[in-house]
**Q** 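Please find one structure pasted underneath; my questions will follow.
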Amino acid sequence: VMDIGKIILPQFEGWKTELEAKINLANLVPFTYTRNKDLQYKTGIKPLDQLSFKDDYNEGDAIWELDGTLTLKKGYKIDGATCAADTPDFMKHGAGIHDAGCTAIERGLFDNPNLNERQNKKIRKRYRLLVDKLLHKILIEDGMPEFRAKAVLLATATYGKIKYSI
């Protein structure tokens, strides 16, 4: 941890922590985390085309390759784990990869241009399920106990259904 006066900022491998001026309802901790080095992960989730997009802060880049490899470039920024505590087993890979997956889904980057909106909504729902299951897998790989990883999966899936009405 890093002490900045009376506030102690959590520190996680691969992320630079900053104090954020706003607090949102999904994430009551006012921190943002910025990749301090590239993170590459073979997701197994393959887009129709290579995807390249900015984070929600429009600062960092992510690239999703046709083979399913997701790269969060140095500078990619997130607000931490939604609906869960920012802990090392969550922040190592899971929070950033899940955030990038949800960002790509929200922006319709997995949509098929040859399908109508109703059909693409079903595609987004399927991808959201894949991204949530991937998060669970990553959390286990990064040392989170199974019972907690299942609780995170349930909370994340429930939050996603409410937020995206899917």
**Q** Would Leu129 end up clustered with Val152 when hydrophobic side chains under 4.5 Å apart are linked, directly or stepwise?
**A** no
**Q** Is there a path of hydrophobic side-chain contacts, each under 4.5 Å between heavy atoms of I/L/V/M/F/W/Y residues, joining Ile105 to Leu153?
**A** no
**Q** Rounded at 0.5 Å granularity, tell me how far CD in Glu65 sits from CD in Gln50.
**A** 4.0 Å
**Q** Enter the distance from Ile97:CD1 to Leu135:CG here, rounded to the nearest 0.5 Å.
**A** 9.0 Å
**Q** Given His98 and Ile138, is the side chain to side chain contact (heavy atoms under 4.5 Å, CB included) satisfied, shown in steps?
**A** CA-CA 9 Å; His98 189 263; Ile138 293 169; over 6 Å; no
**Q** If you apply the rule side chain to side chain contact (heavy atoms under 4.5 Å, CB included), what do you find for Phe110 with Arg124, and how did you get there?
**A** CA-CA 7 Å; Phe110 288 108; Arg124 287 190 292 273; 5.9 Å; no
**Q** Restricting to non-hydrogen atoms, name the atom on Ile140 and the atom on Ala149 that form the minimum distance, rounded to 0.1 Å.
**A** CD1-CB, 3.5 Å
**Q** Which pair of heavy atoms, one from Leu66 and one from Pro47, lies closest together, and at what distance?
**A** CD2-O, 3.7 Å
**Q** Can you list the steps and then say if Lys54 with Asp61 is a salt bridge (Lys or Arg N to Asp or Glu O under 4.0 Å)?
**A** CA-CA 5 Å; Lys54 294 273 187 197; Asp61 295 305; 3.1 Å; yes
**Q** Answer yes if the side chains of His136 and Glu146 hold a donor-acceptor pair under 3.5 Å, and no otherwise.
**A** yes
**Q** Run the numbers on Glu141 and Lys137 for salt bridge (Lys or Arg N to Asp or Glu O under 4.0 Å), then give the verdict.
**A** CA-CA 6 Å; Glu141 289 174 357; Lys137 175 183 175 273; 2.8 Å; yes
**Q** Where do Leu51 and Leu109 come nearest, in terms of heavy atoms and distance?
**A** CD2-O, 3.3 Å
**Q** Before you tell me yes or no, could you show the steps for Arg148 and Asp89 under side chain to side chain contact (heavy atoms under 4.5 Å, CB included), namely the whole-Å CA-CA distance, both residues' side-chain angles and the distance that decides it to 0.1 Å?
**A** CA-CA 11 Å; Arg148 182 165 172 246; Asp89 51 8; 3.0 Å; yes
**Q** Any ion pair linking Asp38 and Lys73 (charged N to carboxylate O, less than 4.0 Å)?
**A** yes
**Q** Tell me whether Met91 is reachable from Leu139 by hopping between hydrophobic residues (I, L, V, M, F, W, Y) whose side-chain heavy atoms are closer than 4.5 Å.
**A** no
**Q** Would you check, one step at a time, whether the test side chain to side chain contact (heavy atoms under 4.5 Å, CB included) holds for Gln119 with Asn112?
**A** CA-CA 9 Å; Gln119 292 167 316; Asn112 184 330; over 6 Å; no
**Q** Answer with yes or no whether the hydrophobic clustering places Ile123 together with Leu130; edges join I, L, V, M, F, W, Y residues whose side-chain heavy atoms lie under 4.5 Å apart.
**A** yes
**Q** Val131 and side chain to side chain contact (heavy atoms under 4.5 Å, CB included): which partner among Asp99, Thr43, Ile45?
**A** Ile45
**Q** Between Arg35 and Ile78, is any pair of side-chain heavy atoms under 4.5 Å apart?
**A** no
**Q** Taking a hydrophobic cluster as the set of Ile, Leu, Val, Met, Phe, Trp and Tyr residues connected by side-chain heavy atoms closer than 4.5 Å, whether directly or through intermediates, do Leu134 and Leu72 fall within one such cluster?
**A** yes
